[in-house]
Amino acid sequence: MTAPPPELVQLPPGSMVERWTITKKLGEGGCGAVYLCTDATGKYALKVEGISEQMQVLKMEVLVLGELTKRGSRHFCKIEDKGRYGSFNYVVMTLVGKSLQDLRKGTPQQSLSVACSLSCGIQALEALEDLHNIGYLHRDVKPGNYTIGRAELNELRKVYILDFGMARKFTDNNGIIRKPRAAAGFRGTVRYAPIACHKNQELGRKDDVEVWLYMQVELTVGRVPWKEITDMNAVGQAKQAIRNTPEKMFLPPCPVNELKEIMRMVDSWDYFADPNYSECYRLMKQALSNCRKPEFPYDWEPGMPLNYMVK
Ligand SMILES: Nc1ncnc2c1ncn2[C@@H]1O[C@H](COP(=O)(O)OP(=O)(O)OP(=O)(O)O)[C@@H](O)[C@H]1O
């Protein structure tokens, strides 16, 4: 018999968690919920997880964000507070804006304009590079886990990465890459999983970059070729097969030459490889310049079609 789903912590509007007043629920994930909260200094996001939850993912979130907060990293929420309160653990962090998934879905064509998606893509890869540089893999890269900042903070041109519930440390305490396990279980979302994940192989930095590339396609074109396929193995096969006909994935207005070159590089890397991020940025910037569209304003800035979504 399977265990009943864990009870999510419910915090009604007006309730307090230490000095934080709950305003409303922002969303729910697999293992907890995220609330809008305030204190005397402003608005924040408060993430909670019951202490009896089987999968304790908040710990990883605190570990990763704590490390990045220390380093003053770009693209990450800052931790304001953390602790245990009654029967749950909580972390209070920077409040961010809409996800790239919501913004993409807010358009009739389900995609961002090409210059906007390339520019956001560069920031999204910078976030992964920063995370990899402190020894962690994200392993759940997808447009729903990237957001923009808030208009009130003048952060409409900033991309944040969220959700480290599936992160994994790939280095040991001496910074040496851990030995890959012989077999690893499937992790993440089928649509965005790297090929190695379909093969139950240990994931490395190159796998986060592979998935970032799929995300780039989705943001620019509105879909990945395996969108309609539901069977996990068939999705894995489709990802493999597209290597023979990359033009079918990098549809206009994708910069096909540059993205093909990035895919070629990614496919040449193994578990231990340190991805050549700077070459990826160079190709993305080349594509941005070749598309002959201005990088700014982004699609959701004042006067632009998606601005209604960030108000
Ligand atoms: N710092 C934040 N500021 C604003 N909204 C946030 C913040 N962190 C998370 N959210 C929102 O709260 C919701 C749940 O987020 P969370 O990342 O915890 O869920 P999850 O467990 O990853 O969910 P999923 O299973 O969908 O991946 C999402 O809609 C997310 O956009």
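Remember, it's 1-based here, ligands and their atoms both numbered in the order they're listed. For the single chain, residues carry numbers from 1 onward in sequence order.
- Side-chain atoms of Asn290 and Glu258 form a donor-acceptor pair, as typed in the model, at a separation below 3.5 Å.
- Among protein heavy atoms, atom 13 (C) of ligand 1 sits closest to Gly27 CA, 3.7 Å.
- Screening Leu125, Asp207, Val266 against Trp212 for a side chain to side chain contact (heavy atoms under 4.5 Å, CB included) leaves a single residue, Leu125.
- Ligand-side atoms of ligand 1 in range of Cys77: 1 (N), range being under 4.0 angstrom from any heavy atom.
- Using a 3.5 Å distance cut-off with no hydrogens or angles, the side chains of His75 and Tyr146 do not pair a donor with an acceptor.
- Put simply, the residue from Leu306, Leu118, Thr220 that forms a side chain to side chain contact (heavy atoms under 4.5 Å, CB included) with Leu112 is Leu306.
- Here the protein heavy atom with the shortest distance to atom 16 (P) of ligand 1 is Lys47 NZ, 3.7 Å.
- In this structure, Ser99 falls outside the shell of residues with a heavy atom less than 4.0 angstrom from ligand 1.
- Between the side chain of Arg104 and the main chain of Gly222, a donor-acceptor pair closer than 3.5 Å is present.
- Heavy-atom proximity to Leu26, at under 4.0 Å, picks out these atoms of ligand 1: 4 (C), 5 (N).
- The shortest contact between atom 3 (N) of ligand 1 and any protein heavy atom is with Val96 N, 3.0 Å.
- In terms of protein heavy-atom proximity, atom 19 (O) of ligand 1 is nearest to Gly29 CA, 3.5 Å.
- Nearest protein neighbour of atom 6 (C) of ligand 1, counting heavy atoms only, is Val34 CG1, 3.9 Å.
- Residue Thr94 has at least one N or O atom closer than 3.5 Å to an N or O atom of ligand 1.
- The nearest non-hydrogen atom to atom 8 (N) of ligand 1, considering only Thr189, Leu162, Leu46, comes from Leu162.
- Counting protein heavy atoms only, atom 2 (C) of ligand 1 is closest to Ala45 CB, 3.4 Å.
- Side-chain rings of Tyr85 and Trp20 stay apart, their centers remaining 6.0 Å or farther from each other.
- Looking only at protein heavy atoms, the nearest one to atom 25 (O) of ligand 1 is Gly30 N, 3.6 Å.
- Remark: of the listed residues Lys142, Arg191, Arg223, Arg191 is the sole one forming a side chain to side chain donor-acceptor pair (under 3.5 Å) with Glu218.
- Applying the 4.0 Å criterion to heavy atoms of Lys142 picks out, from ligand 1, the atoms 27 (O).
- The two residues Pro194 and Leu203 make their nearest non-hydrogen contact at CG-CD2, 3.9 Å.
- At a heavy-atom cutoff of 4.0 Å, ligand 1 is contacted by no atom of Val57, backbone or side chain.
- Which parts of ligand 1 touch Met93 is read off a 4.0 Å heavy-atom cut-off, strictly below it: atoms 1 (N).
- The ligand atoms of ligand 1 that sit less than 4.0 angstrom from a heavy atom of Leu95 are 3 (N), 4 (C).
- Of the protein's non-hydrogen atoms, the one nearest atom 22 (O) of ligand 1 is Asp163 OD2, 2.0 Å.
- Interatomic distance, CG of Leu153 versus CD of Glu155, reported as 5.0 Å (0.5 Å rounding).
- Contact detail for Lys98 and Asp102: the closest heavy-atom pair is CD-CB, 3.9 Å.
- Partner Leu26 forms a side chain to side chain contact (heavy atoms under 4.5 Å, CB included) with one of Leu46, Leu95, Val96 and no other, that one being Leu95.
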